2 protein chains.
Amino acid sequence: MDQPSRSAGTVRPGGRTARVRAAVMEATQDELVEHGFHGLTMDQVAARAGVGKTTVYRRWGSRAGLVADLMTELANQSTPHADTGGVEDDLRANALSVLGAITDGRLGATFQAVIAAATSDQQAAAALRSFYLRRIEEWANVVELAVKRGELPEGTDGGEVIRAISAPLYYRLVVTREPVTREHAEHSVSRTLAAARAGAFVVRETPEGS
Amino acid sequence: MDQPSRSAGTVRPGGRTARVRAAVMEATQDELVEHGFHGLTMDQVAARAGVGKTTVYRRWGSRAGLVADLMTELANQSTPHADTGGVEDDLRANALSVLGAITDGRLGATFQAVIAAATSDQQAAAALRSFYLRRIEEWANVVELAVKRGELPEGTDGGEVIRAISAPLYYRLVVTREPVTREHAEHSVSRTLAAARAGAFVVRETPEGS
DNA sequence: TCCTTAATGGAATGAAAGTTCCGTTAAAAT
DNA sequence: ATTTTAACGGAACTTTCATTCCATTAAGGA
């Protein structure tokens, strides 16, 4: 076994271990905000957290391990989908939630760091994928509900609709690196909704339908 | 002056200089494919290119400088927008072009590397933004043409339509890290088009329109 | 062809970060 | 209260990479 980090400190959750973990996670975020993933070093994190770097290496193994654990923590903090009674408001809630996350200095830096880490590290990639798929699945429910209420066509793919809401925002954030504002979130909702109402998100896979 | 890299080798385009540049760019891409941006080192690049690392430092300055130059090179190779006579085909051409780029091992790795680099380096970020804005501007023309032909509503924002075509593909590539196939490209086109036809991309800023 | 000098590259230097050893600390069990 | 042992951390060690010196090479002009 070369990977001592299961989720860091599961065997002895006693005060010290938990305290160390919290301090390291905190320090990791601080470093990410200041230097980004590229500038993140085990050395600095250990120093900032006030713990021995031996500990950081033993429990997290690498920079990617740190951000992956951070991502896992965020996954546990994620909230359930909205349920306002109308698709538009539900989707808007989702868009604003994403906007809030990527706009927030601390969270935004963390997301970008994990995205960067994932481009060259499997562990980070897995944590990232897992986080978003879970979140997409959670919010896809608002589309299911909308279909049941007759607001959207039967067969509309909820997961795809949710992806379509987030995509333009992340695109601006990491690809074109343009500012992302509330207006963009609103546009994303109205455009996705327009396409969904037109049936563009209906899954028509196998052409054996009747 | 601390940045000796103007575009690397502008003064003496003689055989050797050009040869060195080509070798370094080639080696950079190879390294990116194998180790990603995080694993890219000036050392390795120099060794692989068969040039002294002094040269790499002098002409590119840093890892970010390397990827930024690579991005600039790609920008110069980018092709003009399609003009098939119909929006759907034009947009499909765009989607497939993007798909091809991110699916191709070499190009895909390069794009991801620059995206990663841009999260913590200004130079890379600038190169990235510049590349995409230029490309978006180029392809926005197909929407302008479509509007003139009456295929899309007056006032449709071309740049936004093009962004909407790419966004879902990049979202899968770097955020959820799910596979991106031709099917996704097609969906992106049909969904964006549905929204565009419904007028969701019309800019209605000032309500003075008659 | 000869000269000037931009550009290159081998090698040395130094700093920074990764890795490991081993004694110490403090949870958890008895 | 005592024992056991998981987890911690100071410090030494090693590797890797960034950075610079200076002699050498070859492009471009006379």
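Reckoned from all heavy atoms, side chains included, excluding hydrogens, waters and symmetry mates. If you're wondering where the values come from, they're calculated on a predicted model, not measured in any experiment. Here is how names work: the chains are called A, B, and so on, in the same order as the sequence lines, proteins then strands, and each is numbered from 1.
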Point to revise | Side-chain heavy-atom pair A:Ser166, A:Arg135 within 4.5 angstrom cut-off | key: no

Check your understanding: Considering residues at least two apart in sequence or located in another chain, which fulfil the side chain to side chain donor-acceptor pair (under 3.5 Å) criterion with A:Tyr170?
Key -> A:Tyr132

Review point. What side chain to side chain donor-acceptor pair (under 3.5 Å) pairs are there with at least one residue in residues 136-148 of chain B, not counting sequence neighbours?
Key: none

Exercise for review: Kindly state which residues belonging to residues 44-52 of chain B come within less than 4.0 angstrom of DNA chain C, counting heavy atoms of the residue only, listed by number.
Suggested key: B:Val51, B:Gly52

Point to revise | OP1 or OP2 of C:dA7 under 4.0 Å from side-chain N/O of B:Thr17 | key: no

Check your understanding: Is there a side-chain polar atom (N or O) of B:Arg63 under 4.0 Å from OP1 or OP2 of D:dC17?
Key -> no

Practice item. Please name all residues satisfying side-chain contact (heavy atoms from CB on, under 4.5 Å) with B:Ala127, sequence neighbours left out, ordered by chain then number. Key: B:Ala68, B:Met71

Practice item. Sequence neighbours left out, what pairs pass salt bridge (Lys or Arg N to Asp or Glu O under 4.0 Å) with at least one residue falling in residues 101-112 of chain B? Key: B:Glu26-B:Arg106, B:Asp30-B:Arg106

Practice item. May I have the distance from A:Arg19 (atom CZ) to C:dA27 (atom P), rounded to whole angstrom? Key: 6 Å

Review point. Just how far, in rounded Å, is P of D:dA18 from CH2 of B:Trp60?
Key: 15 Å

Exercise for review: Could you pull out all residues at least two apart from A:Arg177 that satisfy salt bridge (Lys or Arg N to Asp or Glu O under 4.0 Å)?
Suggested key: none

Check your understanding: Whole-Å distance between C:dA6 P and B:Arg59 CZ?
Key -> 15 Å

Point to revise | Atom-to-atom span, CG of A:Leu66 to C1' of C:dA17 - whole angstrom | key: 14 Å

Check your understanding: By side chain to side chain donor-acceptor pair (under 3.5 Å), which residues pair with A:Gln44, not counting sequence neighbours?
Key -> none

Check your understanding: Quantified as the angle between the terminal helix axes (five pairs each), what is the overall bend of the helix from C:dT1-D:dA30 to C:dT30-D:dA1 to 10 degrees?
Key -> 40°

Practice item. Assign A:Thr41 to base, sugar-phosphate, or nothing according to its heavy-atom contacts below 4.0 angstrom with the strands shown. Key: sugar-phosphate

Point to revise | Nearest-neighbour nucleotide for the A:Asp43 side chain, C:dA17, D:dA7, C:dT8 considered | key: C:dA17

Identify the pairs formed between an N or O of the protein and an N or O of nucleotides 20-22 of chain C at a distance under 3.5 Å, and give each distance.
from, atom 1, to, atom 2, distance (Å)
C:dT20, O4, A:Thr54, OG1, 3.3

Practice item. Provide the full list of ring pair (Phe, Tyr, Trp, His ring centres under 6.0 Å) pairs with a residue in residues 75-123 of chain B, sequence neighbours left out, each pair given once. Key: B:Phe111-B:Phe131

Point to revise | All pairs passing salt bridge (Lys or Arg N to Asp or Glu O under 4.0 Å) where residues 75-88 of chain B contributes a residue, at least two apart | key: B:Glu88-B:Arg92

Study note, to complete from the structure: Rounded to whole Å, CZ of A:Arg21 lies from P of C:dA27 at a distance of 18 Å

**Study point:** Lys/Arg cation over aromatic B:Tyr171: A:Arg163, 6.0 Å, 45° cone
**Key:** no

Study note, to complete from the structure: Across all chains, not counting sequence neighbours, the side-chain contact (heavy atoms from CB on, under 4.5 Å) partners of B:Thr181 are B:Glu183, B:His184

Review point. Rounded to whole angstroms, how far apart are CG on B:Leu40 and P on D:dC17?
Key: 10 Å

